[in-house]
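Sequence lines set the chain letters: A, B, ... in the order given, protein chains first and strands last, and positions in each chain run from 1.
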Amino acid sequence: MSAVTDLKTRIQRALAAAFGEDFAQTDPMIAATNDPKYGDYQVNVAMSLSKKLGKPPRQIAQDLMDNLDLGDTFEAPEIAGPGFINLRYTAQYLGQRLQTMSKADRNHDRLGIPNVTNPKKVIVDFSSPNIAKEMHVGHLRSTIIGDCIARVLEFQGHDVLRLNHVGDWGTQFGMLITYLKEVAPEALTTANAIDLGDLVAFYKKAKARFDEDEAFQLTAREEVVRLQNGNEDTLKAWRLLCEQSRKEFQVIYDLLDIQVNERGESFYNPYLADVIKDLKTLGLSVEDQGAQCVFLDGFTNREGQPLPLMVQKSDGGFNYATTDLAAIRYRLNEDKAQRVIYVTDSGQANHFEQVFQVARKAKWIPETVEITHVPFGLVQGEDGKKLKTRSGDTVRLRDLLDESIEKFGAIHDARLVAEERSETEEFKSNVARIAGLGAVKYADLSQNRTSSYIFSYDKMLADKGNTAPYMLYVYARVQSISRRGEIDFATLETPVQLQEPSELALAKHLLQMEAAIGAVADELLPNRLCQYLFELSQKFNTFYDACPVLKAEDEGLRSSRLMLCDLTARCVKLGLNLLGIEVLERM
RNA sequence: GGAUCCUUAGCUCAGUGGAUAGAGCAACCGCCUUCUAAGCGGUCGGUCACAGGUUCGAAUCCUGUAGGGUCCGCCA
């Protein structure tokens, strides 16, 4: 990136020299080209200045070029089309950059990519399953996307607090505890009296009762209020239920290698009353049909009247809007967060917009703090509808992950047979686990987050296309070269020679790693990194096909190509790790 | 009714102001006595939903229309 910054300065100097000091701050409009035949960068400023200067764009481009000193980074520029200026890196410059990249901090390998200059305290709120329910496919995206965003921001040097805002509070517990008192009271006083599967079944029945039985509904609501007021028996029952769920969640987090700190909705209970008090004092919250409501700008109901955000129910209970408001205050005032990122499905977009609006109206969010909802689409079945099992039930996350591991294991076994290879059980299960889980993660992250995607084991486990197995294969391929040639990449010390088109293309792509990571951090779109890695893998395979490495014509070229191989593998490893995916030395 | 996201190749999707709109899959044609062919090269394939507008330049920004997803007061 420093090359582009430098280029910008040089062009601005040329603009000033050619057209006067007024143009010293004009944006040169530098962009990466979309076709190698136009070089590496195109400067588009000539077209935009045409009207202002009253000259044809190509003339402007020529005047600019006449005043431009490019140093030794780029070849002589060319004017093309309506007035594009095309710039191409010199092979020598690319070689130097690659050597710098190769030598940098091999031990904790970040390929010489520096930390950001202004690290921030960032909270990433993700995963957020509900107590007394199993994690299902609906939690997959939040967990994977949130983890990836956290990894990328941590890599950049930000102080990231990962928070699991678990649903451990509210009406659901009123329902569940009320129901359990009737049918399984021992579950409320004894640890592990029933297992989680049963708990889920009880939850469904409790919900059904709640929906149809008014008396039950009332009792359940009273139980919620008891919980929120700290009644001992109710609290004890609640703690038991949470502990049981927590163990189950941890199994999944361990499998997926996810670190996240539990801080559930209940954590904010002591702060809820103050939220209402302060909203009332500010005159924002008013009573409406017995409930406390804040009326919103830009939201109306069917009759065109302003829509409220309800912050306290008519029975005195608080709801998730109250909790989210209390969480905002706590995170900004106590955690001192400068950026807060919420990773939830796009169905909650309205809710967050409303909550943020209320918090802003109350002046709880300083201008310097960035608070963002990062929405994502649904996981759909092959029929385009919400993913379900054949019997129509929600897909348990555990089952989904196990199935992916098992399916990849079967594919891999078949390949071993075809290649007449014999491997240990340990080797096989490790490959299946890493590729199977990697495939699920990669399939999710490689989609544009905002759209829904169709879940397909066949596609995500395929060895062709933009998949985890394809990327893992590239890494393993490079390691195979080092084993075959008995190469220690760490000791490579050589000038890089770039002659073949496939070498140049690979070299240029390797140098864009930092920009790719930066794009994810800025846009919070992990698919940018996936796209980068996929293109890197393709360029590597093209290079590998065209250029002999171990059998290169001379020692210098051999070392140079080995360095390209090594850098590719390190980029793939770092990239996959930022996506939460491990690599395999052999597969 | 409102809010919001979306509509790009047969299928699944990239691409938020630049040149002739890209990739994977599928289909078809080639490439293994040579470092892992889990690979590579090539062919075929598009009125970027539609209509206006802004701009030197629009899949991209604005307005409208049609179609679809999701959400909308006492669940979270």
Would you please name every residue forming a salt bridge (charged side-chain N to carboxylate O under 4.0 Å, His left out) with A:E134, sequence neighbours left out?
A:R396

Answer with base, sugar-phosphate or nothing: what part of the nucleic acid does A:D211 contact at a heavy-atom distance below 4.0 Å?
nothing

If the glycosidic angle is within 90 degrees of 0 it's syn, otherwise anti, so just tell me which one B:rC28 is.
anti

Separation of A:E223 atom CD from B:rC74 atom P, in whole Å?
21 Å

Categorize A:H165 for me: base, sugar-phosphate, or nothing, with a 4.0 angstrom heavy-atom threshold over every strand shown.
nothing

Taking B:rU63 as the reference, what is the distance to B:rA23 when you measure between their C1' atoms (whole Å, please)?
33 Å

With heavy atoms under 4.0 Å as the rule, sort A:K539 into base, sugar-phosphate or nothing.
nothing

Aromatic stack A:F84/B:rA19: centroid gap under 5.5 Å, interplanar angle under 30°
yes

Do A:Y320 side-chain and B:rA76 base share a donor-acceptor contact under 3.5 Å?
yes

Could you list the residues that satisfy salt bridge (charged side-chain N to carboxylate O under 4.0 Å, His left out) with A:D324, not counting sequence neighbours?
none

Looking for any heavy atom pair under 4.0 Å, which part of the strands does A:F534 touch: base, sugar-phosphate only, or nothing?
sugar-phosphate

Test item: side-chain donor near acceptor, A:N527 and A:S446, under 3.5 Å
no

Who pairs with A:R586 by salt bridge (charged side-chain N to carboxylate O under 4.0 Å, His left out), at least two apart in sequence or on another chain?
A:E423

Which residues pass the side chain to side chain contact (heavy atoms under 4.5 Å, CB included) test with A:A552, not counting sequence neighbours?
A:L557, A:R558, A:R561

Would you measure the distance from the P atom in B:rU7 across to the matching atom in B:rA14 and give it in whole Å?
8 Å

With rounding to the closest Å, how many angstrom separate the P atoms on B:rU47 and B:rC32?
38 Å

For RNA chain B, the residues among residues 48-63 of chain A that have a non-hydrogen atom under 4.0 Å from it:
A:S48, A:K51

If you look at every strand shown and take non-hydrogen atoms under 4.0 Å, does A:C530 touch a base, only sugar-phosphate, or nothing?
nothing

Closest-nucleotide mapping onto RNA chain B: is A:F318 or A:N86 further toward the 5' terminus? I mean the 5' end.
A:N86

Euclidean distance for C1', B:rG45 against B:rC25 (whole angstrom):
13 Å

Which pairs count as salt bridge (charged side-chain N to carboxylate O under 4.0 Å, His left out) when at least one residue sits in residues 467-487 of chain A, sequence neighbours excluded?
none

Under 4.0 Å, heavy atoms only, any strand: does A:D315 hit a base, just the sugar-phosphate, or nothing?
nothing

Kindly say whether the aromatic ring centers of A:Y470 and A:Y475 come within a distance under 6.0 Å.
no

Of all pairs that satisfy side chain to side chain donor-acceptor pair (under 3.5 Å), the ones with a partner from residues 54-63 of chain A, not counting sequence neighbours:
A:K55-A:D63, A:Q59-A:D63, A:Q62-A:D66

A:A476, nearest nucleotide to its side chain (from B:rU20, B:rA14, B:rU36)
B:rU36

Distance, C1' atom - from B:rG22 to B:rA59, rounded to whole angstrom:
12 Å

Applying a 4.0 Å non-hydrogen cut-off, can you work out what A:P469 is touching in the nucleic acid: base, sugar-phosphate, or nothing?
nothing

Tabulate atom names and distances for all N/O pairs under 3.5 angstrom spanning the protein and nucleotides 40-43 of chain B.
unit_1 : atom_1 : unit_2 : atom_2 : d
B:rC40 : OP1    : A:Y470 : OH     : 2.8
B:rC40 : O3'    : A:T542 : OG1    : 3.4
B:rC40 : O2'    : A:D545 : OD2    : 3.0
B:rG41 : OP1    : A:T542 : OG1    : 3.2

What is the nucleic acid contact for A:M29, judged by heavy atoms within less than 4.0 Å: base, sugar-phosphate only, or nothing?
base

I'd like the P distance from B:rC40 over to B:rU4, given in whole Å.
43 Å

Scan A:N527 against the nucleic acid and name what it touches under 4.0 Å (heavy atoms): base, sugar-phosphate only, or nothing.
sugar-phosphate

For a quick check of understanding: with a heavy-atom distance under 4.0 Å over all strands, which category does A:A80 fall into, base, sugar-phosphate or nothing?
base

Residue A:H412, side-chain atoms from C-beta onward, closest of B:rG18, B:rA38, B:rC74:
B:rA38

If the P atom of B:rG53 is compared with that of B:rG17, how far apart are they to the nearest Å?
22 Å

Examine distances only and state if a side-chain atom of A:T568 and a backbone atom of A:F540 form a donor-acceptor pair shorter than 3.5 Å.
no

Check: A:G174 main-chain N/O paired with A:R221 side-chain donor or acceptor under 3.5 Å
no

Looking at the side chain of A:K551, which of B:rA19, B:rU34, B:rC72 is the nearest nucleotide?
B:rU34

Bracket string, RNA chain B, 5' to 3' - pairs by Watson-Crick or G-U geometry under 3.5 Å, | interstrand
(((((((..((((....[...)))).(((((.......))))).....(((((..]....))))))))))))....

Across the strands shown, which category fits A:G347 at heavy-atom distances under 4.0 angstrom: base, sugar-phosphate, nothing?
sugar-phosphate

Test of ring centre spacing under 6.0 Å for A:Y330 and A:Y271
yes

For A:Q312 and A:N319: C-alpha separation, side-chain torsions, deciding distance, then whether side-chain contact (heavy atoms from CB on, under 4.5 Å) applies.
CA-CA 6 Å; A:Q312 186 171 22; A:N319 58 17; over 6 Å; no

Taking only residues two or more places apart in sequence or in another chain, which ones pass side chain to side chain contact (heavy atoms under 4.5 Å, CB included) with A:D211?
A:K207

Give each protein N/O atom lying under 3.5 Å from an N/O atom of nucleotides 3-13 of chain B, with the pair distance.
unit_1 : atom_1 : unit_2 : atom_2 : d
B:rA3  : O2'    : A:N350 : OD1    : 3.0

For A:I131, does its backbone N or O pair with a side-chain atom of A:S245 as donor and acceptor, under 3.5 Å?
no

With a non-hydrogen cut-off below 4.0 angstrom, is A:R484 in contact with a base, only sugar-phosphate, or nothing?
sugar-phosphate

Whole angstrom value for the distance that separates P of B:rU16 from CG of A:N34
12 Å

Per the under-4.0 Å heavy-atom filter, residues of residues 127-139 of chain A near RNA chain B come out as none

ring centroid sep under 5.5 Å plus plane angle under 30, A:Y38 with B:rA19:
yes

Check whether A:F267 forms a cation-pi arrangement with A:R263 (NZ or CZ under 6.0 Å from the six-membered ring centre, at most 45° off the ring normal).
yes

Looking only at side-chain atoms of A:V549, point me to the closest of B:rG18, B:rC35, B:rA19.
B:rC35

Span that lies between the P atom of B:rU60 and that of B:rC48, in whole angstrom
10 Å

With rounding to the nearest 0.5 Å, note down the distance linking CD in A:E582 to NZ in A:K441.
8.0 Å

Reading RNA chain B from 5' onward, which residue's closest nucleotide shows up sooner: A:L378 or A:E419?
A:E419

Start with the C-alpha distance between A:L562 and A:T494, add both sets of side-chain angles, then the distance that settles side-chain contact (heavy atoms from CB on, under 4.5 Å), and finish with yes or no.
CA-CA 10 Å; A:L562 281 168; A:T494 181; over 6 Å; no

Using a 4.0 Å heavy-atom cut-off, does A:N44 contact any base of the nucleic acid, only the sugar-phosphate backbone, or nothing at all?
base

